[in-house]
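On a predicted model such as this, the values are computed, not experimentally measured, just so you know.
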Amino acid sequence: MATEAMKHARFTHPTHGDYDNPEAVLNDDRLTDNEKRTVLDEWRSSLKHILRNDPDAPQAENTNQSLDDAAAKLAAGKI
């Protein structure tokens, strides 16, 4: 079951790599702010797709909140 939960908390971006959590995106010095926004937006889109198919997906709510927090930090320039 732990493996099942982790697949929703982890994100693989085809260009920028693997991220264990949204905070890891913010901490990735290889990415510009625009690239970070792109990764967070694509992660959110992926999560919405997962939730449409499985509304009770493990870790979905926590990941969604973490994405909101990371996007707010990025927008406020607090990274």
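Here the options are N62, D69, T63, L67, the test is side chain to side chain contact (heavy atoms under 4.5 Å, CB included), and the partner is Q65; only D69 passes.
Taking 4.5 Å as the limit, some side-chain heavy atom of L26 sits within range of a side-chain heavy atom of L40. Side-chain contact between W43 and V25 is present, with at least one heavy-atom pair separated by less than 4.5 Å. Residues L31 and H16 form a side-chain contact, since some pair of their non-hydrogen atoms from C-beta on lies under 4.5 Å apart. Residues Y19 and D28 have side chains in contact (heavy-atom distance under 4.5 Å, counting atoms from C-beta outward).
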Open item on the list: Working note: K48 + L51, criterion side-chain contact (heavy atoms from CB on, under 4.5 Å); need CA distance, chi angles, decisive distance, verdict.
Closed with: CA-CA 5 Å; K48 284 181 183 178; L51 288 171; 5.7 Å; no

Task: Stepwise side-chain contact (heavy atoms from CB on, under 4.5 Å) check, R44 with N64 - done: CA-CA 7 Å; R44 183 180 316 290; N64 205 27; 3.5 Å; yes

Task: Working for side-chain contact (heavy atoms from CB on, under 4.5 Å), residues E35 and R30 - done: CA-CA 9 Å; E35 290 170 326; R30 300 170 301 157; over 6 Å; no

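Side-chain atoms of T38 come within 3.5 Å of backbone N or O of N34 as a donor-acceptor pair.
For T12, the side chain to side chain contact (heavy atoms under 4.5 Å, CB included) criterion is met by D18, not counting sequence neighbours. With sequence neighbours excluded, no residue forms a side chain to side chain contact (heavy atoms under 4.5 Å, CB included) with D29. For S45, there are no side chain to side chain contact (heavy atoms under 4.5 Å, CB included) partners at least two apart in sequence or on another chain.
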